[in-house]
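Notes follow once the structure below has been shown.
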Amino acid sequence: MTDARTAPGTNPLRDSRDRRLPRIAGPCGLVIFGVTGDLARKKLMPAVYDLSQRGLLPPGFSLVGFARRDWADQDFSQVVHDAVRARSRTPFSEAVWEQLAEGLRFVPGEFDDDAAFARLRTVVEDLDRQRGTGGNHAFYLSVPPRSFPVVLKQLHRSGLASREGTGWRRLVVEKPFGHDLASARELDGLIGSVFPTEGVFRIDHYLGKETVQNLLALRFANELFEPVWNAHHVDHVQITMAEDIGIGGRAGYYDGIGAARDVIQNHLLQLLALTAMEEPVSFDADALRAEKEKVLSAVRLPDDLALGAARGQYTAGWQGGREVVGYLDEEGTDPGSTTETYAALRLNVETRRWAGVPFYLRTGKRLGRRVTEIAVVFSRAPHLPFDHSATKELGQNALVIRVQPDEGVTIRFGSKVPGTSLEVRDVTMDFGYGTSFTESSPEAYERLILDVLLGDPPLFPRHEEVDLSWRILDPVIDHWAREGAPEPYSAGTWGPPSADAMMARDGRAWRRP
Ligand code: BG6
């Protein structure tokens, strides 16, 4: 009889936890700095409610908001309530809300005000006594990067960063992790002087997406794909993160930052790393991060960045039947801004597995449609035993991981067109989350906040990954800074002509999702 613990292919020495069981956070609290911002209202508060709704938070869980507003606890409670009603994923339940609301607190104050941090400390200690949070608190920096240093200093000075007794203190940092390699290192030094490495959780919310985690399942739980996942069979990889929205009210953050720093440095390079990495010995944080780092350190930029990189800035146009303004006319942008809202790059991963296989990355605002996908495009069959006319319409095989919005996986391959003649044409085979599973996917922030509270780090990039990503990107950003204004593209199109030209020079074309 086969014992499940020693079934072929399983390793009895590995962690024997049943990973299908719900993981429930122990006693703890979460303090959010910048609680009046967009991220807190649109993502963090609804995610906390959804976790609570799913029974994954402890009964005494407490959420403390810290911001400059002159609010009392009840005002804060109303703000959280509205955010939850507007955006939570799971149905609203009065009973769940009431329990959550009992643990809501608000501390008004400026970040440089010592007295405000002393009040925060008192609130946190009261929660330990009244609600049994046990000295376990996570501090979430949902604030602009310029405020990171002052908040960190205050957490240190007030003693909030130091664990008490058996409790834990954790720091959650939202990107951007610096704006180049030097500033990222400086930030890391500062964080490291206040929190120990294992207490720091860097959020890249793409890693919290189910479809991104599914990349690991797809690659390493199946026999079908891995044998062809290499330079012998793959022609190239296209990673696309296209958005139809403009920068909305985010000029203050985005202008001067641009598409490469905003999403290539983090989301897209993480997707590349997960696509290209070798199988980790386990999915523990160290093993997983080490494999991603190997990929990032093997990434090479094109010799000539003028030919292997492209960038653009959207101008006025039509989107979804609506006329929209250009980037320079968005509220808050500098009228002479050279910030790119579109960026594309050709990268090589110099390993035996990927030698000669280009990875094309592109992202942009105000593109034709919102879609994020990873397309692994295969080489043509070495021989086609058909008349040339039979395969005129046949493209290359492709495996497309549809990250969002229509989550799933598509395989494209050739099939005979029904009829008396022999003609082969592309068809697709689809897996969709919506049709294969009954439960809806948790939001990325639900998963990530829960992991912070559980102290489970695999889905959080560590500093070395951030460092390597900036090393890749810094030369590109410097190159663009020397070049002046980005190329314009009309809102609602698929980006600047130079990005198409970049692909055409390689004899390829971008997918039109
Ligand atoms: C953020 C970027 O990290 O990701 C935004 O700062 C972008 O500019 C957003 O709009 C997109 O996230 P999602 O989950 O909607 O793809």
Side-chain angles (χ1 to χ4, degrees), residues 34 37-44 46-47 50 87 89 140-145 172-179 184 201-215 239-272 274 311-314 319 324 327 330-333 337 339-343 361-374 401-408 433 440-449 459-461 465-466 469-470 473 491 495 513:
D38 247 25
L39 179 73
R41 280 182 299 108
K42 292 187 178 156
K43 300 284 183 190
L44 308 184
D50 288 325
R87 300 212 176 232
R89 180 178 64 88
Y140 199 124
L141 300 194
S142 175
V143 298
V172 190
V173 211
E174 270 288 339
K175 70 172 192 51
F177 312 121
H179 56 268
F201 292 75
R202 293 176 186 80
I203 298 254
D204 182 319
H205 79 279
Y206 265 60
L207 298 182
K209 291 183 191 270
E210 284 288 330
T211 38
V212 173
Q213 290 159 44
N214 189 38
L215 238 175
I239 303 183
T240 299
M241 177 186 165
E243 295 186 279
D244 51 3
I245 52 169
I247 55 148
R250 295 171 74 221
Y253 157 73
Y254 198 88
D255 202 32
I257 293 281
R261 288 185 175 104
D262 183 37
V263 298
I264 294 188
Q265 186 272 333
N266 36 76
H267 309 329
L268 294 198
L269 285 175
Q270 284 289 327
L271 293 183
L272 179 146
L274 292 169
R311 73 186 167 137
Q313 189 185 67
Y314 65 82
Q319 194 141 47
V324 295
Y327 180 75
E330 296 277 15
E331 203 185 319
T333 53
S337 174
T339 299
E340 83 281 356
T341 58
Y342 177 100
L361 271 49
R362 66 172 159 167
T363 183
K365 302 260 184 214
R366 286 269 183 248
L367 296 185
R369 178 161 107 72
R370 173 174 183 250
V371 60
T372 300
E373 62 166 40
I374 301 163
I401 293 132
R402 305 192 314 265
V403 174
Q404 62 187 28
D406 174 23
E407 290 92 353
Y433 275 78
S440 73
S441 298
E443 279 284 324
Y445 278 98
E446 281 173 67
R447 172 65 195 262
L448 295 176
I449 291 174
L459 298 182
F460 301 87
E465 291 163 76
V466 175
S469 305
W470 282 121
L473 223 52

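As a basis for the values below, the full set of heavy atoms in this structure was taken, side chains included, without hydrogen atoms, waters or symmetry mates. Note that ligands are numbered from 1 as they come in the structure, with each ligand's atoms numbered from 1 the same way.
- A donor atom on one side chain and an acceptor atom on the other are not found under 3.5 Å apart for D406 and Y433.
- Of all atoms in ligand 1, numbered sequentially from 1 with element shown, those under 4.0 Å from a heavy atom of Q404 are 13 (P), 16 (O).
- At least one heavy atom of D262 sits under 4.0 Å from some atom of ligand 1.
- The residues E243 and R366 are annotated as not salt-bridged, no charged nitrogen and carboxylate oxygen being separated by less than 4.0 angstrom.
- Distances shorter than 4.0 angstrom occur between a heavy atom of Y206 and an atom of ligand 1.
- Below 3.5 Å of separation, one finds an N or O of K365 facing an N or O of ligand 1.
- Short contacts between ligand 1 and M241, defined as distances under 4.0 Å to a heavy atom of the residue, involve ligand atoms 11 (C).
- At a 4.0 Å heavy-atom cut-off, ligand 1 touches R370 through the side chain alone.
- The aromatic rings of Y445 and H205 lie parallel to each other, with less than 30° between the two planes, well short of the 60° mark.
- Relative ring orientation between Y206 and H267 is described as parallel, the plane-to-plane angle staying below 30° on a 0-90° scale split at 30° and 60°.
- Ion pairing of K175 with D262 is present here, as a side-chain N (NZ or NE/NH1/NH2) and a carboxylate O approach within less than 4.0 Å.
- Close contacts between ligand 1 and H267 involve ligand atoms 1 (C), 3 (O), 4 (O) [criterion: under 4.0 Å to a heavy atom].
- A distance of 5.5 Å separates OH of Y254 from OG1 of T341, quoted to the nearest 0.5 Å.
- Taking a cut-off of under 4.0 Å to the non-hydrogen atoms of K209, the atoms of ligand 1 that pass are 13 (P), 14 (O), 16 (O).
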